[in-house]
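Let me begin by presenting the structure, written as structure tokens, before commenting on it.
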Amino acid sequence: MRKRKSAPEGGGNWMDTYGDMVTLLLCFFVLLYSISTVDQAKWEMIVKSFNPDAEEVSQIVMKDAKDGKDEVPGSLTDKEASEEFDELYERLKASVKEEGLTAKVELYKGDGYTFVTFRDEIFFDGNSSVIKPKGKKVLNIFADIIDDVSGVIKEIQVLGHTTQATTEGNIDMNIDRVLSAERAARVTVYLQQKSKISPEKLVSVGYGQYRPIAPFNTEENRAKNRRVELIISKSGSVEKSLDQYYSEMDR
């Protein structure tokens with residue numbers, strides 16, 4: 001009668017390797033947990049040990065003792081961001097007054113946004129979409145102010161509006177829409193060239209004559225509808241439709 005061969009010795013050696021691997025993983029996660037909260041003094045000692053010749057130590061992680069949140073150096077709190085964004089409105093308002101544009105530029109400060117309306121002929125002549133030298137000067141001033149708070153700006157919408165040529169509405173509607181879109185695009189491109197604002201934050205829209213703020217019954221009212229608007233929204237603010245903005249401004 002034949003005897004079965006016994007299993008070779010050492011068949012369970014893989015368990016030793018597996019056990020070592022699990023132990024190492026446990027040690028790794030314990031190490032991660034132990035450094036999840038960095039002691040500033042110990043961190044400086046570690047950095048200095050690797051950089052003995054360095055005069056200063058760069059602090060990578062800072063602990064806010066008040067609320068226990070990790071902060072990146074240079075980042076703003078919500079309160080600081082709101083105050084910085086509010087300063088945008090005040091500086092724009094002061095510049096408009098200084099340049100004598102109070103009759104041509106309207107400013108409105110809402111919750112998380114600043115709404116700017118450039119009236120009638122500040123930027124363009126007649127049926128043109130070429131920005132006038134005076135319009136470029138105004139945009140240069142706005143671009144400089146926007147640069148200082150670009151970090152807390154979520155988006156800048158540039159809205160182009162035209163009007164009916166006459167009280168009877170005799171205007172080619174296709175030309176009307178194209179003209180408003182071209183004007184909005186021209187202002188957007190100019191801001192992109194002159195400011196540090198990220199291009200993806202700039203949006204242009206042409207509405208033609210279809211978002212009027214006054215009737216078309218008189219030349220004065222038609223002039224009110226001929227405008228360019230900027231909606232500058234703060235980071236973290238809720239997106240709204242144009243009608244909602246108008247409603248808040250009681251238009």
Side-chain angles (χ1 to χ4, degrees), residues 71-99 101-102 104-124 128-162 178-207 211 227-246 248-249:
E71 291 188 354
V72 178
S75 64
L76 298 175
T77 64
D78 290 342
K79 182 180 179 181
E80 290 172 336
S82 295
E83 290 175 350
E84 188 170 310
F85 189 80
D86 290 342
E87 185 181 348
L88 167 68
Y89 171 81
E90 297 300 332
R91 291 186 60 188
L92 290 176
K93 184 178 179 180
S95 295
V96 167
K97 183 177 180 180
E98 183 179 345
E99 295 296 322
L101 296 171
T102 52
K104 293 292 185 179
V105 180
E106 180 183 340
L107 293 167
Y108 180 87
K109 179 176 174 293
D111 183 15
Y113 70 91
T114 293
F115 199 106
V116 187
T117 301
F118 298 96
R119 300 286 187 192
D120 203 7
E121 298 177 354
I122 290 183
F123 295 142
F124 307 103
S128 172
S129 62
V130 178
I131 303 176
K132 298 191 298 185
K134 183 178 180 180
K136 290 181 179 180
K137 179 182 177 182
V138 173
L139 286 175
N140 287 340
I141 295 172
F142 273 63
D144 289 341
I145 296 173
I146 289 170
D147 279 350
D148 293 337
V149 296
S150 59
V152 297
I153 291 177
K154 176 181 180 180
E155 185 178 75
I156 299 178
Q157 297 181 46
V158 183
L159 315 178
H161 301 271
T162 53
V178 170
L179 181 61
S180 66
E182 286 182 350
R183 287 179 170 180
R186 295 268 188 177
V187 173
T188 302
V189 170
Y190 194 85
L191 285 175
Q192 180 175 328
Q193 293 173 340
K194 296 297 180 178
S195 72
K196 299 175 183 177
I197 196 77
S198 299
E200 65 270 14
K201 293 183 178 182
L202 293 167
V203 179
S204 65
V205 182
Y207 284 104
R211 292 295 189 280
R227 66 202 190 277
V228 172
E229 297 170 330
L230 299 185
I231 304 175
I232 309 172
S233 56
K234 183 175 73 70
S235 295
S237 61
V238 178
E239 293 184 7
K240 302 177 183 179
S241 68
L242 183 58
D243 289 337
Q244 287 176 301
Y245 287 118
Y246 283 172
E248 291 183 10
M249 294 186 292

Say whether, by atom type as modelled, one donor and one acceptor occur between the side chain of Glu90 and the main chain of Glu87 under 3.5 angstrom. no

Any chance you could lay out the side-chain contact (heavy atoms from CB on, under 4.5 Å) test for Ile131 and Tyr190, step after step, and finish with the verdict? CA-CA 9 Å; Ile131 303 176; Tyr190 194 85; 4.1 Å; yes

Taking the side chain as every heavy atom from C-beta outward, state whether Lys104 and Val96 have any atom pair closer than 4.5 Å. no

OG1 (Thr102) and NZ (Lys97) are apart, to the nearest 0.5 Å, by 9.0 Å

Going by the rule ring pair (Phe, Tyr, Trp, His ring centres under 6.0 Å), which residues pair with Tyr89 if we only count those two or more places apart in sequence or in a different chain? none

For salt bridge (Lys or Arg N to Asp or Glu O under 4.0 Å), just list the numbers for Lys194 and Asp147, CA-CA rounded to whole Å, side-chain angles, deciding distance to a tenth of an Å, and then say yes or no. CA-CA 9 Å; Lys194 296 297 180 178; Asp147 279 350; over 6 Å; no

Quick one: does Ser198's side chain have a donor or acceptor within less than 3.5 Å of a partner on Glu200's backbone? no

I need the minimum non-hydrogen distance between Phe124 and Val130, along with the two atoms involved. CD2-O, 3.5 Å

Taking every non-hydrogen atom, the tightest pair across Val205 and Ala184: O-CB, 3.4 Å

Could you tell me which residues satisfy ring pair (Phe, Tyr, Trp, His ring centres under 6.0 Å) with Phe85, sequence neighbours excluded, listed by chain and number? none

Is Val187 close to Ser204 at the side-chain level, that is, under 4.5 Å between some pair of heavy atoms? no

Please tell me if the side chains of Ile231 and Ile156 come closer than 4.5 Å, counting only heavy atoms from C-beta onward. no

Candidate pair Asp86 and Lys109, rule side-chain contact (heavy atoms from CB on, under 4.5 Å), full reasoning: CA-CA 8 Å; Asp86 290 342; Lys109 179 176 174 293; 3.3 Å; yes

Where do Ile153 and Lys201 come nearest, in terms of heavy atoms and distance? O-NZ, 2.9 Å

Just wondering, do Thr114 and Leu92 contact through their side chains at under 4.5 Å, heavy atoms? yes

Going by heavy atoms in the side chains, are Ile197 and Leu202 under 4.5 Å from each other? yes

Check the pair Glu106, Arg227 against salt bridge (Lys or Arg N to Asp or Glu O under 4.0 Å), reporting the backbone distance first and the verdict last. CA-CA 11 Å; Glu106 180 183 340; Arg227 66 202 190 277; over 6 Å; no

Closest approach of Thr162 to Arg183 (non-hydrogen atoms, all atoms of both residues): CG2-NH1, 4.3 Å

Sidechain-backbone polar pair: Ser82 side chain, Asp78 backbone, donor-acceptor under 3.5 Å: yes

Check ion pair Glu248-Lys240 (N to O, under 4.0 angstrom): yes

Which distance, rounded to the nearest 0.5 Å, do you find between the CG of Asp243 and the CZ of Arg211? 5.5 Å

Distance from Glu182 atom CD to Arg186 atom CZ, nearest 0.5 Å? 6.5 Å

How long is the gap from NE2 on His161 to CG on Leu179, to the nearest 0.5 Å? 12.5 Å

Do the side chains of Leu230 and Phe115 get nearer than 4.5 Å, heavy atoms only? no

Can Tyr113 and Glu155 be counted as having a side-chain donor-acceptor contact under 3.5 angstrom? no

Considering all heavy atoms, the nearest Lys234-Ser237 contact: O-OG, 2.7 Å

Quick one, Leu159 with Val228, criterion side-chain contact (heavy atoms from CB on, under 4.5 Å). Give me CA distance, side-chain angles, the key distance, then yes/no. CA-CA 6 Å; Leu159 315 178; Val228 172; over 6 Å; no

Calculate, to the nearest 0.5 Å, the distance between atoms NZ and CD belonging to Lys93 and Glu98 respectively. 14.5 Å

Set out, in order, the CA-CA distance, both residues' side-chain angles and the distance that settles side chain to side chain donor-acceptor pair (under 3.5 Å) for Tyr245 and Gln157, then state yes or no. CA-CA 12 Å; Tyr245 287 118; Gln157 297 181 46; 4.8 Å; no

How close do Gly151 and Ser235 get, heavy atom to heavy atom, and via which atoms? O-OG, 4.1 Å

Strictly under 6.0 Å, is that where the ring centroids of Phe142 and Phe118 end up? yes

Do Tyr207 and Leu242 have side chains that get closer than 4.5 Å, going by heavy atoms? yes

If you measure from CD1 on Ile146 to CD1 on Ile232, what distance do you get to the nearest 0.5 Å? 4.5 Å

Would you mind reporting whether Thr188 and Val203 have side-chain heavy atoms less than 4.5 Å apart? no

By side chain to side chain contact (heavy atoms under 4.5 Å, CB included), Glu99 pairs with (sequence neighbours left out) Leu101, Lys137, Ile141

